[in-house]
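To keep things clear, I will list the structure first and then write my remarks on it.
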Protein chains: 2
Amino acid sequence: MSLKHAILVLLETEPGSGYDLLKRFREHMGYFWNASHQQIYQQLKWMHEAGWLALRTEPQQGKPDRKVYELTLAGHDALLDWLAETSKPQKVNDSLLVRLYGGHLREADAIRADIAHHRKLYEQNRAALLSIEQHYLALPETERQRYRFPYLTLRRGILSVQAWLDWADEVDAFLNHQ
Amino acid sequence: MSLKHAILVLLETEPGSGYDLLKRFREHMGYFWNASHQQIYQQLKWMHEAGWLALRTEPQQGKPDRKVYELTLAGHDALLDWLAETSKPQKVNDSLLVRLYGGHLREADAIRADIAHHRKLYEQNRAALLSIEQHYLALPETERQRYRFPYLTLRRGILSVQAWLDWADEVDAFLNHQ
DNA sequence: CAGCCATATGCAACTTTTTGCATAAATAGA
DNA sequence: TCTATTTATGCAAAAAGTTGCATATGGCTG
């Protein structure tokens, strides 16, 4: 839907290569946007051909050239246009919940293991997000001001992960008293 | 990814037509699975051709025939196989948060309006989910037992929507004290 | 009585995402 | 030293999802 626009937002902040974007998605947007490297490279190619991005190639030894992209004026315009649209409600598709919905067809232990597996991932995720938050809160005021919007999205990540873990506690309690 | 399997779960509970499924997705799975009618009809066709579903046509007056699908043995097996797989972490792609991340490029009022618009939808959603919960809690024990797994997914919906609204309060407070 | 919504199904074109493959060197760990 | 991971890019095919269109009736609202 708007991977193109998520890329525009990231490149507007700072130019970078496809690989840079992959890492930024993972590190800074992991709790609200996910993209594979194949998808990112395809979109970058398209966006470059559409004139949204300018390309500068940095030769490297041994490795393929680093292709650094940055917004053109047209890209900036495309971003502003998109930001002005009203966003549609998030479309959720969560297969864990579909599996739980059909829980009467599964062994209780299999469900418990499924939840436990995801719990581990969410706990790791929470630790990572809280550590980014500590880092942010320790910044001087001017820097905090600069990252105020990314910080709001970080808060969303934290509250969202916490809500998942609270729910997992409910599920475990429920499965155990059965 | 697994719309096919979500359909299998719904049809295992009770046979139904494409239109029935559309309503069930909206009413009972809206907080964790979303699908359009086009998508559902396409998948039903595929699943029928693959031998997962048996079809019974109910002629109607004026309206097109109702095509009622139900699981075959092969469909049931496909469902059990899928339920036994370990589910991948949910892939989140939320364009509202991308827009917020780029908030420095937008007017504060536009952001507030965006949040307000979504808040209204989430509040409606919460009211609907809480009303379903009240209905569930009023059921006799045997019925509650029968819907225990769907109820767990409902709880996920409620906690998730509540977490979103709590976050929106934080965002509003933040935007207003700026 | 005109227009919209719910019922009920579907095709076709397009966009987006996933999956599998391919290359190639540096670096870190067992 | 062998192996796995990170860095760095991409093509091609398939699957999944979106958007626009098409049909047809009954009921409700302005």
Side-chain angles (χ1 to χ4, degrees), chain A residues 1-8 15-27 33-50 52-53 55-69 78 82 85 87-95 98, chain B residues 1-8 15-27 29 32-50 52-53 55-69 78 82 85 87-95 98:
Chain A
M1 285 283 264
S2 40
L3 172 57
K4 290 176 179 64
H5 302 103
I7 290 174
L8 286 177
S17 68
Y19 197 71
D20 290 336
L21 289 171
L22 182 69
K23 283 186 296 181
R24 285 192 224 166
F25 273 117
R26 280 211 278 249
E27 285 158 28
W33 205 271
N34 291 276
S36 65
H37 71 99
Q38 292 95 329
Q39 228 182 318
I40 292 169
Y41 288 119
Q42 270 174 305
Q43 291 301 315
L44 285 173
K45 190 184 169 191
W46 186 94
M47 291 164 80
H48 181 237
E49 280 164 12
W52 290 10
L53 301 180
L55 171 58
R56 169 166 45 91
T57 304
E58 294 179 357
Q60 297 191 122
Q61 296 159 323
K63 303 172 192 176
D65 295 349
R66 244 174 73 86
K67 293 179 164 186
V68 178
Y69 293 93
W82 180 76
E85 289 172 25
S87 36
K88 279 173 261 177
Q90 195 204 347
K91 204 189 138 170
V92 179
N93 290 68
D94 187 342
S95 66
V98 178
Chain B
M1 286 286 264
S2 39
L3 172 57
K4 288 176 180 63
H5 303 102
I7 290 174
L8 286 177
S17 69
Y19 197 73
D20 290 336
L21 289 170
L22 182 69
K23 283 186 294 180
R24 284 192 224 168
F25 273 119
R26 279 210 280 251
E27 285 157 27
M29 283 187 162
F32 67 93
W33 204 272
N34 290 278
S36 65
H37 70 100
Q38 293 94 331
Q39 226 182 317
I40 292 169
Y41 288 120
Q42 270 173 312
Q43 292 301 315
L44 285 173
K45 190 184 167 188
W46 185 94
M47 292 164 79
H48 181 238
E49 280 166 11
W52 291 8
L53 302 179
L55 170 60
R56 167 167 46 92
T57 304
E58 295 180 355
Q60 298 192 121
Q61 296 160 325
K63 303 172 190 175
D65 294 349
R66 249 174 69 88
K67 293 179 164 186
V68 179
Y69 294 93
W82 179 75
E85 290 172 25
S87 35
K88 280 174 260 177
Q90 195 204 349
K91 201 189 140 171
V92 179
N93 290 68
D94 187 342
S95 66
V98 178

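Every chain is numbered from 1 and lettered A, B, ... according to where its sequence line falls, protein lines coming before strand lines. These values consider heavy atoms only, across backbone and side chains, with no hydrogens, waters or symmetry-generated copies. Given the structure is predicted, the values throughout are model-derived calculations rather than measurements.
- The backbone N or O of A/Asp20 lies less than 3.5 Å from a partner atom in the side chain of A/Ser17, making a donor-acceptor pair.
- Counting to the nearest Å, the C1' atom of C/dT18 and the CG atom of A/Leu3 are 13 Å from each other.
- Of the candidate nucleotides C/dA6, D/dT19, D/dT9, D/dT9 has the atom nearest to the side chain of A/Tyr19.
- If you measure from atom CG of A/Asn93 to atom C1' of C/dT18, you get 15 Å, rounded to the nearest angstrom.
- For the pair A/Leu44 and A/Gly18, the tightest heavy-atom approach, listed with the atom from each and the gap, is CD1-CA, 3.5 Å.
- Atom pair A/Leu44:CG and D/dT9:C1' shows a separation of 11 Å (rounding to whole Å applied).
- B/Trp52 does not carry B/Lys4 over the face of its six-membered ring by the limits of under 6.0 Å from the centre and within 45° of the normal.
- In this structure, B/Ile7 places its CD1 atom 11 Å from P of D/dA16, rounding to the nearest Å.
- The distance between atom CH2 of B/Trp46 and atom P of D/dA16, rounded to the nearest whole Å, is 8 Å.
- The CD-P distance, from B/Gln39 to C/dA8, rounds to 21 Å in whole Å.
- Contact check, B/Gln38 against C/dG10: no side-chain N or O comes under 4.0 Å of OP1 or OP2.
- The residue A/Gln43 sits apart from the nucleic acid: no heavy atom pair falls under 4.0 Å.
- Distances shorter than 4.0 Å separate none of the side-chain N or O atoms of A/Tyr41 from OP1 or OP2 on D/dG10.
- In this model, the phosphate group of C/dT9 is not approached by any side-chain N or O of B/Lys45 to a distance below 4.0 Å at OP1 or OP2.
- Atom CG in B/Asn34 sits roughly 19 Å away from atom P in C/dT16 (whole-Å rounding).
- Closest heavy-atom contact between A/Asn34 and B/Asn93: O-ND2, 3.3 Å.
- Comparing atom distances between the A/His37 side chain and each of C/dG10, C/dA22, D/dA8 picks out C/dA22 as nearest.
- In this structure, B/Asp20 atom CG and C/dA6 atom C1' are separated by 13 Å, rounded to whole Å.
- OP1 or OP2 of C/dT16 lies within a sub-4.0 Å distance of a side-chain N or O belonging to A/Lys4.
- Side-chain nitrogen and oxygen atoms of A/Ser36 include none within less than 4.0 Å of the OP1 or OP2 phosphate oxygen of C/dT19.
- Between B/Lys91 and C/dT16, a side-chain N or O to OP1/OP2 separation shorter than 4.0 Å is absent.
- Heavy-atom distances to DNA chain D give each of A/Gln42 and A/Lys67 a nearest nucleotide, and the one nearer the 5′ end belongs to A/Lys67.
- B/Val98 is listed as a side-chain neighbour of A/Trp33, based on a closest heavy-atom distance under 4.5 Å.
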